Asks: 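Just passing along the structure, written as structure tokens.
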Amino acid sequence: MLTNREELAALRHACENARAQEKKRILVCTGTGCLASGSMEIYNKFVELMKEKNIDCSVELKKDPHSPDVRVVKGGCPGFCELGPLVRLEPQGWLYIKVKVSDCEEIIDRTIVSGELVERLAFKKDGVVYAEKDSIPFYQKQKRVVFEHCGDIDSDSIEEYISVGGYRAFEKALFDMTGDEIVAEISKSNLRGRGGGGFPTGKKWEQVRRQKDPQKYIVCNGDEGDPGAFMDRSVMEDDPHRMLEGMMIAGVACGADTGYIYVRAEYPVAVRKLRHAIEEARELGLLGKNILGTDFSFDIYISRGAGAFVCGEGSALTASIEGKRGFPRVKPPRTTEHGLFDNPTVLNNVETYANVAQIINRGADWYLGIGPSNSPGTKAFALTGNIKNTGLIEVPMGTTLREVIFDIGGGMRGDGEFKAVQIGGPSGACLTKEHLDLPLDFDTLKKVGAMIGSGGLVVMDSNTCMVEVARFFMHFTQNESCGKCVPCREGTKRMLEILERIVAGEGRDGDIELLLELADTISSTALCGLGKSAPNPVVSTIKNFREEYEAHIYEKRCPAGTCQKLKRIVIDPGLCRGCSKCARQCPVGAISGKIKEPFSIDLTKCIRCGSCIATCAFNAIKEG
């Protein structure tokens, strides 16, 4: 156990030397996506083959004088989830994609032993081979601050984190700065909360610091509930100490001695990694009583959520930690005054805390140099949907949608036409072609009725029905409503019922106006931020794609051709031979006609099952 600053400095020096002396490294991605694709089998195979081939190999950071020839590392997620399992080779910086267990021996023989590139495993685009990870177009416009070490270090090793500068900022905050100075530096950096609201972090810390209560808490919101979002999960799994360090610095700044991490139970790998990281920090004496010989004490505990979306809201989250039902409450008072156990509480999300150490180490001016001054720094996004390159990305604030979707994301999958992107999850809005050159920052998005949210980006092409998109998000929100307030509980249910009627071909005149009226009422009167933002996807899709709603309601037609009950199946009389096979296969008797003459379909009876299309030998029956 470390008992003073000098011992920490000595350990850091030993860890940095050990890392610097490593000759070659094989970093196998063990993020959740790659684990699901079999990356642990690949990791185990590398270790097994090293032993068989008598190659001097280690799986841990070795601080003794002897440095192994090769180190095999359970690395974190490099972000290019579309192409996993991923394996990176150092010192070359090569990234191999879609690696299989059967590739391991060739990688060892050709790359580790002979230093050759296994070209078939490298990323290729338009005939060009991109061997180095940083040369791949997916990474070229990214700036990895929060994800700096994800994929580069062993997330299960506190010594590895220390070897890349870990806990240096905590040491500085503990010994060289006062609480006021820490808060001033965070305030000067204009770090804004990455959980969605964009509230200034320094202002929140200052509000807690000035409270006179002897007991204060630092809480981390790891309840990442937006569909398609998994940025916080990656930090918790791949660089947990970075988040812990941010919480510890907040504890020093605000005079708190206890921290809680609220993690959804659906993140078992993250929970395991966090528990291990906390135990490592306790064993080293970086958590606990009288840390590094000072009078500062701080410890961190994990609280597992049951998956309720509403528990992402601050007051509902703290209620859940207390063992109560996750209900939001009326504000004020704010969490900074009466939060966890009715004490002053700093509540930030994972990504926010993961920025703190870098700001303390490099200074607020460095941070302000990234992105626009009103929203400095970077933002992590989960890029999903109908796009070629899905995965985790991190870009400077102010990067445009066009750069994210076409330069980093590679454009539409199947070379389809871009239609819209849902940003901010169920609380966000749809942005369209006219927004492609819009800079992604808190204030600019607010002006167009959208929000960054936690960072989910769901990209949609021309085959996407925007009415169905609105119905999907409203269904999610209605299911997740806590039910405490009438506007959210009943209003979202009425909106969902209308949307379900519209996509079922039963829309009525006045439905659009009624949806907008309900949306205005809910957003004006709902109790918490989640309820107030629930109508956003509906309002934005009506604003940008009103003609699709009108086609569904008045023409009983889905322009995208995806709403099952609005599909029209027609028989081309020029191709129909009148064989009657389709009529015999129709389960509801919707097809009629005379033999050797064109048949027809009664659309009032047709259930759009498609059996007639599959049956016709002359391709005369099609969706139209």
Side-chain angles (χ1 to χ4, degrees), residues 5 12 142-150 161 164-211 216 218-221 231-232 235 239 241-256 259 296 298 336 346-380 394-399 439-446 452 455:
R5 186 177 190 178
R12 179 179 296 113
Q142 293 193 49
K143 184 173 181 63
R144 294 168 75 86
V145 173
V146 171
F147 291 154
E148 179 184 14
H149 302 312
C150 292
Y161 179 67
V164 292
Y167 290 109
R168 188 182 293 276
F170 173 62
E171 178 191 351
K172 180 180 178 180
L174 187 59
F175 289 99
D176 302 332
M177 301 176 76
T178 65
D180 286 333
E181 288 173 337
I182 297 169
V183 172
E185 195 70 15
I186 297 300
S187 297
K188 181 182 177 183
S189 73
N190 198 18
L191 170 65
R192 298 175 64 172
R194 287 336 195 227
F199 189 82
T201 303
K203 187 174 182 179
K204 185 179 290 187
W205 289 19
E206 172 59 31
Q207 290 172 352
V208 173
R209 176 170 174 75
R210 70 180 180 220
Q211 301 297 318
K216 300 173 184 176
I218 307 298
V219 175
C220 178
N221 183 353
M231 301 76 56
D232 290 349
V235 175
D239 199 3
H241 287 286
R242 192 185 193 100
M243 184 192 79
L244 298 184
E245 186 174 9
M247 294 179 67
M248 293 157 67
I249 292 169
V252 175
C254 301
F296 176 68
F298 190 80
T336 53
V346 169
L347 175 58
N348 289 120
N349 84 321
V350 172
E351 188 180 345
T352 309
Y353 285 120
N355 275 288
V356 170
Q358 287 281 53
I359 294 171
I360 297 299
N361 276 330
R362 301 188 182 189
D365 290 335
W366 163 79
Y367 194 75
L368 286 165
I370 306 171
S373 59
N374 66 317
S375 297
T378 61
K379 181 70 190 83
E394 185 178 358
V395 295
M397 282 283 197
T399 302
L440 294 173
D441 64 68
F442 293 108
D443 299 329
T444 303
L445 287 177
K446 188 176 181 179
I452 285 180

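Heavy-atom basis, side chains included; hydrogens, waters and symmetry copies ignored. Since we're looking at a predicted model, the values are computed, not measured.
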Asks: Using atom types as modelled and distance alone, determine if a side-chain donor or acceptor of Thr201 lies under 3.5 Å from a backbone N or O of Leu191.
Replies: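 It does hold such a pair.
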
Asks: Would you say that Tyr353 contacts Leu244 through its side chain, given a criterion of any heavy-atom pair below 4.5 Å between the two side chains?
Replies: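 Counting from C-beta outward, Tyr353 and Leu244 never come under 4.5 Å.
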
Asks: Do Lys204 and Asn348 touch side chain to side chain, with heavy atoms closer than 4.5 Å?
Replies: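 Yes - at least one pair of side-chain heavy atoms lies under 4.5 Å apart.
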
Asks: Taking salt bridge (Lys or Arg N to Asp or Glu O under 4.0 Å) as the definition, give me every residue that meets it alongside Glu206, ordered by chain and number, with sequence neighbours left out.
Replies: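 Checked Glu206 against salt bridge (Lys or Arg N to Asp or Glu O under 4.0 Å); zero matches.
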
Asks: Checking Asp239 now: which residues fulfil side chain to side chain donor-acceptor pair (under 3.5 Å) with it, not counting sequence neighbours?
Replies: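 Result, side chain to side chain donor-acceptor pair (under 3.5 Å) vs Asp239: none returned.
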
Asks: Who are the side chain to side chain donor-acceptor pair (under 3.5 Å) partners of Asn190, not counting sequence neighbours?
Replies: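 In terms of side chain to side chain donor-acceptor pair (under 3.5 Å), with neighbours along the sequence ignored, Asn190 is linked to no residue.
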
Asks: Which residue pairs pass the salt bridge (Lys or Arg N to Asp or Glu O under 4.0 Å) test with at least one member in residues 366-376, sequence neighbours excluded?
Replies: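 Applying salt bridge (Lys or Arg N to Asp or Glu O under 4.0 Å) to every pair that reaches into residues 366-376, excluding sequence neighbours, yields nothing.
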
Asks: Residues in salt bridge (Lys or Arg N to Asp or Glu O under 4.0 Å) with Arg210, at least two apart?
Replies: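 Listed in chain order: nothing, the list is empty.
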
Asks: If you define the side chain from C-beta out and look only at heavy atoms, does anything of Arg362 sit under 4.5 Å from Tyr367?
Replies: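 The answer is no; the side chains never approach within 4.5 Å.
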
Asks: Are any of the side-chain heavy atoms of Asp232 and Glu351 separated by less than 4.5 Å?
Replies: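 Yes - at least one pair of side-chain heavy atoms lies under 4.5 Å apart.
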
Asks: For residues 181-200, pull every pair meeting salt bridge (Lys or Arg N to Asp or Glu O under 4.0 Å), keeping only residues two or more places apart or in separate chains.
Replies: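 Passing the test, one end in residues 181-200: Lys188-Asp365, Arg192-Asp443.
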
Asks: Should the pair Phe170 and Tyr167 be assigned to parallel (<30°), tilted (30 to 60°) or perpendicular (>60°) ring geometry?
Replies: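 It falls in the perpendicular class, over 60°.
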
Asks: Do Ile186 and Ile360 touch side chain to side chain, with heavy atoms closer than 4.5 Å?
Replies: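 They are in contact (side-chain heavy atoms under 4.5 Å apart), so the answer is yes.
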
Asks: With sequence neighbours left out, write down each residue that passes salt bridge (Lys or Arg N to Asp or Glu O under 4.0 Å) with Glu245, or none if nothing qualifies.
Replies: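 Here no residue qualifies.
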
Asks: With sequence neighbours left out, what residues match Ser189 under side chain to side chain donor-acceptor pair (under 3.5 Å)?
Replies: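 Result, side chain to side chain donor-acceptor pair (under 3.5 Å) vs Ser189: none returned.
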
Asks: Closer than 3.5 angstrom, by distance alone: can the side chain of Glu394 be matched with the main-chain N or O of Val146 as a donor-acceptor pair?
Replies: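 Yes, Glu394 side chain to Val146 backbone: donor-acceptor pair under 3.5 Å.
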
Asks: What residues, two or more places apart in sequence or in another chain, satisfy side-chain contact (heavy atoms from CB on, under 4.5 Å) together with Arg12?
Replies: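 Residues passing side-chain contact (heavy atoms from CB on, under 4.5 Å) with Arg12: Leu8, Glu16, Ile162, Arg168, Glu171.
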
Asks: Using ring-ring contact (aromatic ring centres under 6.0 Å, His included) as the criterion, list what pairs up with His149, not counting sequence neighbours.
Replies: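 Expected list: none.
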
Asks: Identify, with sequence neighbours excluded, every residue that meets salt bridge (Lys or Arg N to Asp or Glu O under 4.0 Å) alongside Arg209.
Replies: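 Salt bridge (Lys or Arg N to Asp or Glu O under 4.0 Å) check on Arg209 returns Asp180.
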
Asks: Who passes side chain to side chain donor-acceptor pair (under 3.5 Å) against Thr399, sequence neighbours left out?
Replies: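 Thr399 satisfies side chain to side chain donor-acceptor pair (under 3.5 Å) with no residue once adjacent residues are dropped.
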
